[in-house]
Amino acid sequence: MALMSVAEAMRAKPGGRVKVRGWVRTRRDSKAGISFVAINDGSCFDNLQLVVPKELANYEKEVLHLTTGCSLEAEGELVASQGQGQSVEVKADRLTVVGWVEDPETYPASAKRHTFEYLREQAHLRVRTNTFGAVARVRNCLAQAIHRFFHERGFVWVHTPIITASDCEGAGAMFRVSTLDMMNLPRTRPEPGKPAPAPRPGHPASDIDYGQDFFGKESFLTVSGQLNVETYCCALSKVYTFGPTFRAENSNTSRHLAEFWMIEPEIAFADINDDATLAEEMLRYLFRAVLEERPDDMKFFEERIDKDAVTRLRHIIDKPFLRLPYTEGVEILQKAAKAGRTFEFPVEWGKDLQSEHERYLTEEHFKQPVILMHYPKAIKAFYMRLDDGCAPGRETVAAMDVLVPGIGEIIGGSQREERLERLDRRLDEMKLDKAAYWWYRDLRRYGTVPHAGFGLGFERLIQFVTGMQNIRDVIPFPRAPKQAEF
RNA sequence: UCCCCGAUAGCUCAAUGGUAGAGCGAGCGGCUGUUAACCGCUAGGUUCAAGGUUCGAGUCCUUGUCGGGGAGCCA
């Protein structure tokens, strides 16, 4: 007898004997002397219907008391279903209850609709619901497809460190990593005659002796693998990272997490246009993969979560992304404002675009993904390459943001400044300590090469694909301010 | 962190400052190759916490906690 997953049983030809295992979703009894028990084992979206006759020895005592959430194992013949709603079912001649639900009244994933807010507080059980099971499978499908996409193109997956002591990643507040005794912090002795060093921004106490800490210096959880992966890029040519990332920002939005996963490819001998092309091809590859591999889950998202979930992806697969210089984006927005479209914040060249501006461009004006490129250098990071031939006062850098309807920024990337003297000038302008970037600068001293890369927020990608509105519902155990229960 | 809204049965929500209710879920029964089943009955409450106003607070006020929407930071 074949032990089958629910997915395998659904695909199998009726006739043979099977053994299946799973958790009860619903039980319906018929006085014709049978019960219908729908079980799910996570292998696919659909449930498998067990038809259980009253002749089974444990029918009265056990089968009739099965409730949502009970785990069981059953054997029987796989047959074509007599009812509507499923093609095959299992005519059970043995059913063994593996685990009972001790109190069906309070079982948090009971057979009724629950809000996502409530289920978030039951994160250990919410994956037993239709929605979160589907999210989990789509998330896995996308992760596998990302590795496949890069592997097929000769990219090397680089495991950049989670812990970093460099403090020069420059992408927001960081979580400190320390083994120092917080109740008894070692202090540096001020040098005689010299005042204590001034506290640095984001560093409350300046006289803590991090020399005694585990790494001998201040250390943090990474906010980006980019700087590290650039080093591997400048040797292996095509690389990417895919791992967790941490931001200690006090962000309370449906698009931010304190711990999230990010994909950061980096390509050598490449410019910003190559970068944008890579981003576009990658997204298209991923959308195609999820439609092919998870049609069951995507159908659910389309029916119950977001009616555009599938058509949106189809549309993108067929059509090239729009590429637009920041300057032209500003002109479009200003024209719209003049024509009567009201924005809370004014649009002005040189200022970063607000969420409402990005959304207008991608959701209203173009109604499709837009790659905005060449942003003013003043609003972008030090490592982004200064564009050649800029008008005075209108210097831009080779940055790009991929904006998509509903989410906004899903990808941020740039061509990196490969010219040492320009990089140094930028470090000086932004008052950054060149010495701290010594190994990053070395890349520009020894065989420098134009290169570019981007960061794709994995959870934002899942949001876009599934139509799930809150980012906390597309990661198994969300980490956000005041939220780390599980 | 800022602005707005919210917290009442297991869940989703009602309740003019005056006896806390419904739907779903759950339990029991009826009916049925059922499948968002249907019909009947039953149980189920420290109204988020602390303080205040009042003869009387789920309701009004203050503070706090947590949640949601929006903004900022970004992916």
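Here is the naming used below: chain letters follow the sequence lines, and residue numbers restart at 1 for every chain.
Ranking B:A75, B:U35, B:U1 by closeness to the A:R460 side chain, first place goes to B:A75. Of all nucleotides listed (B:A75, B:G33, B:A71), B:A75 comes nearest to the side chain of A:I471.
Using a 4.0 Å heavy-atom criterion, one finds that A:R472 contacts the sugar-phosphate atoms exclusively. Nucleic acid contact class of A:R113 (heavy atoms, under 4.0 Å, all strands): sugar-phosphate only. A:S81 comes within 4.0 angstrom of a base, heavy atoms only. Across all strands, A:I410 comes closer than 4.0 Å only to sugar-phosphate atoms, never to a base (heavy-atom distances). Using a 4.0 Å heavy-atom cutoff across all strands shown, A:Q469 reaches no nucleic acid atom at all. Within 4.0 Å (heavy atoms only), A:G83 reaches at least one base atom of the nucleic acid. Counting any heavy atom pair closer than 4.0 Å across all strands shown, A:E117 reaches sugar-phosphate atoms only and no base atom. Within the 4.0 angstrom heavy-atom criterion, base atoms lie near A:F260.
Not one side-chain nitrogen or oxygen of A:S251 sits closer than 4.0 Å to the OP1 or OP2 atom of B:C74.
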Indicate for each nucleotide in nucleotides 26-32 of chain B, in 5' to 3' sequence, whether protein heavy atoms under 4.0 Å reach the base (B), only the sugar-phosphate (S), or nothing (-).
-> SSS--BB

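In this structure, A:K380 is positioned above the aromatic face of A:Y375, its NZ or CZ under 6.0 Å from the six-membered ring centre and within 45° of the axis.
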Based on Watson-Crick and G-U pairs with both distances under 3.5 Å, what dot-bracket line describes RNA chain B 5' to 3', crossing pairs as [ ] and inter-strand pairs as |?
-> (((((((..((((....[..)))).(((((.......))))).....(((((..]....))))))))))))....

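For the residue pair A:Y383 and A:E230, no side-chain donor N or O sits within less than 3.5 Å of a side-chain acceptor on the partner. Side-chain contact, A:T245 with A:R247: no donor N or O sits under 3.5 Å from an acceptor N or O. Looking only at atom types and distance, the side chain of A:S5 has no donor-acceptor partner in the side chain of A:D41 under 3.5 Å away. Side chain to side chain, A:T327 and A:W349 meet the donor-acceptor criterion of an N or O pair below 3.5 Å. In the model, A:T96 has no side-chain atom that pairs as donor or acceptor with a side-chain atom of A:E73 under 3.5 Å.
We find that CZ of A:F343 is positioned 16 Å from C1' of B:A71, with the value rounded to whole Å.
If you check distances only, the side chain of A:Q86 does reach the base of B:U34 with a donor-acceptor pair under 3.5 Å.
For A:Y232, the OH atom sits in a loose shell: 12 or fewer heavy atoms of surrounding residues, nucleotides or ligands are nearer than 6.0 Å.
The gap from the P atom of B:A14 to that of B:G30 amounts to 37 Å, rounded to the nearest Å.
Between A:R139 and A:D297 no salt bridge is recorded (no basic side-chain N to carboxylate O distance below 4.0 Å).
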